[in-house]
Amino acid sequence: MSGLPITFSEDQAEAWDRLAAEFTRQGIDLAEGELSPQAEGKAMVMAVMGKAGSGKTMLLGGLYRALKEAGVEVISADWEGRKRKDRRTLAILAPTNKAASVLRLRGVPATTIHRILYTPVYDPEYEKIAEWLAGQGTRPAVEGLTDQALDRAFAFFQQVASIPGALAAAGLKGSDFIKGWKRRDDPLDVGFVDEASMLDERQFDDLREIFPRLVLFGDPAQLAPVGQSGEMVFDRMGDSRKLVLHRIHRQAEDNPILDLAHALGDERLTFQDFERMVEDRARADDRVVWAERVDADLMARSPVLVWRNVTRIKLIQAFRQAHGAPETDLMPGEPLICDGIELPLKHRKKRIDLEARGLIKGAQVIYLGPGSREGFAKLHVLGAEDPQFSAASIIKIERVGEEEPFIPHAARMGAAFLHGAAVTVHKAQGSQWPEVQVFAPDLYAAAQSGRSEAGVPLWKRLAYVAITRAETRLHWVVRNRLALPKRPLQVDDLRVAPVPLALAGDDS
């Protein structure tokens, strides 16, 4: 327990001790800072579970720093050096770009599960630079790069341990040094997975195949993945493998949004009781807003969260009409949701490339305008490490009462998108926004349906997930109305990477 932050609660400290003991058996001694080579045949799968505010992320961050101080090498999806028998590694993963970006903003170097499943293939000439930057080789001489360019790469890498970022600082584009992507064949070592309640069985199996030592961090009160009958992957784990955080920390206790989320655990609470509670909180604290209408301006960056698809489509139509969007085209600044990659199996390499760019199912994207080639669109992927590029796109806009969506922007194949001004609560899992609008009439409909999931009324699970997507302010929308926007759609507020990273730029 030496070196632990004094803010750790009793249950966090107990979880730390259990995990530290497991790591010691796996050859990673956190107390002494000593490492042993990986032992064949030893496997470890643990789960840290707790509701919002229980300190899961704080524990994850503390474990990351302790492993790093012990000599464990933290790897990303950008580049991996030569394998050594005595090398111990850690990868920190999340199911979505947005969830990974939330961790990165807290100082934890996370990447998506997709990015760790697929590894970049470097041009051999430029891989020499990567080896030099990582301390595995001597300073190379590369045709076309001056000493000043190499100095810029080295200076960048000392500040940010990103190989693509360093090469971009030397004046290179991703297409210069990354020649493609391949599915990972070799296993890694330790893996941390945040938002593990979103994992389905297939993803869990893939992760166990790659990581002999796997720690899941998840919230058992969230919604289970679609098609798993209300079960989460850690539900089938034995009790000795699960570490439960019960205490809600003071910073969470002082948060009216999390206070509302935890109130949903009361079995006696009805929907009407809960709405009265929301209204009371809104009178006392401006972090909770009792809203008579949906805010169209917020929808451009933070989707309205709904239960029913028909509600989602109606709100999207109202949003586009309020902004004067043409029926036959998209306007720059309109939000999109990636609905998957529509490519035949023979184009597996292109699929891997698009997913590596951040275009995984559920990714939140802002449309920037048409690309320079037919069928391409310029996009900004929210939460991605390298957010802006152009890609072959199939953009669909659904309409109430029409089975087939309208497609204002279509390539023959590529990344498929739906409009993102409103999304279902299920699809919002793993994401957070500073302000969130929850469409309460839909949750009332879920309450009236009498449906349950894993023994809990469905409306309570929906409300819990929706509420905990809000970082600073919750808007509880009580009427089926839309307030007109106060400003036009814009794109100049979007963050662009300070240097062009591995996949920025062209339509290729």
For this session: May I ask you to check whether over 12 heavy atoms, not counting those of Glu374, lie within 6.0 Å of atom CD?
Result: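 Not more than 12 within 6.0 Å, no.
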
Between the side chain of [X] and the main-chain N/O of [Y], is any donor-acceptor distance below 3.5 Å?
X      : Y      : value
Lys361 : Asp339 : yes
Arg312 : Ala422 : no
Glu32  : Asp29  : no
Ser393 : Phe376 : no
Thr468 : Val465 : yes
Gln437 : Asp295 : yes
Thr112 : Asn97  : no
Arg320 : Ala421 : no
Asp297 : Lys486 : yes
Thr24  : Ala20  : yes

Atom of [X], atom of [Y] and distance for their closest heavy-atom approach:
X      : Y      : value
Ala428 : Val423 : CB-CG2, 4.2 Å
Leu223 : Val425 : CD1-CG1, 3.9 Å
Pro408 : Ile395 : CD-O, 3.2 Å
Ser197 : Asp219 : CB-O, 3.7 Å
Pro485 : His323 : CB-CE1, 3.5 Å
Ala166 : Phe157 : CB-CB, 4.1 Å

For this session: List the steps, then state whether salt bridge (Lys or Arg N to Asp or Glu O under 4.0 Å) holds for Glu22 with Arg25.
Result: CA-CA 5 Å; Glu22 288 287 343; Arg25 282 191 281 272; 3.1 Å; yes

In terms of side-chain geometry, is the basic nitrogen of [X] or [Y] positioned less than 4.0 Å from the acidic oxygen of its partner?
X      : Y      : value
Arg87  : Glu73  : yes
Arg106 : Asp194 : no
Arg88  : Asp189 : yes
Lys56  : Glu195 : no

From [atom1] ([X]) to [atom2] ([Y]), nearest 0.5 Å:
X      : Y      : atom1 : atom2 : value
Ile337 : Ile316 : CD1   : CD1   : 9.0 Å
Gln222 : His426 : CD    : NE2   : 10.0 Å
His380 : Asp493 : NE2   : CG    : 8.5 Å
Arg241 : Met46  : CZ    : CE    : 5.0 Å
Leu63  : Gln12  : CG    : CD    : 10.0 Å

Taking the side chain as every heavy atom from C-beta outward, state whether [X] and [Y] have any pair of such atoms under 4.5 Å apart.
X      : Y      : result
Leu379 : Leu359 : yes
Leu167 : Tyr122 : yes
Leu188 : Ile75  : yes
Asp11  : Val244 : no
Gln38  : Pro212 : yes
Leu150 : Ile129 : yes
Leu494 : Gln388 : yes
Met49  : Phe234 : yes

For this session: Step by step, work out the side-chain contact (heavy atoms from CB on, under 4.5 Å) result for Phe417 and Tyr367.
Result: CA-CA 10 Å; Phe417 298 94; Tyr367 177 74; over 6 Å; no

Exercise. Where do Met44 and Leu214 land on the side-chain contact (heavy atoms from CB on, under 4.5 Å) test, with the steps shown first?
Worked result: CA-CA 6 Å; Met44 161 189 163; Leu214 193 62; over 6 Å; no

Problem set entry | Plane angle bin for Phe23 and Phe192 - parallel if under 30°, tilted between 30 and 60°, otherwise perpendicular |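 Answer is tilted, since the angle falls between 30° and 60°.
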
For this session: Ignoring hydrogens and angles, state whether a donor on the side chain of Gln432 or Arg469 is under 3.5 Å from an acceptor on the partner side chain.
Result: no

Exercise. Any chance the side chains of Ser431 and Gln364 put a donor and an acceptor closer than 3.5 Å?
Worked result: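 Per modelled atom types, Ser431 and Gln364 side chains form a pair under 3.5 Å.
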
For this session: Run the numbers on Val48 and Leu216 for side-chain contact (heavy atoms from CB on, under 4.5 Å), then give the verdict.
Result: CA-CA 6 Å; Val48 177; Leu216 310 179; over 6 Å; no

For this session: Output, in order, the C-alpha distance, side-chain angles, deciding distance and verdict of side-chain contact (heavy atoms from CB on, under 4.5 Å) for Leu382 and Val365.
Result: CA-CA 6 Å; Leu382 294 174; Val365 178; over 6 Å; no

Exercise. Under 6.0 Å from the six-membered ring centre of Phe204 and within 45° of its axis: does the NZ or CZ of Arg208 meet both?
Worked result: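 Geometry flag: set, cation within 6.0 Å and 45°.
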
Exercise. Ring centres of Phe319 and His419 under 6.0 Å apart?
Worked result: yes

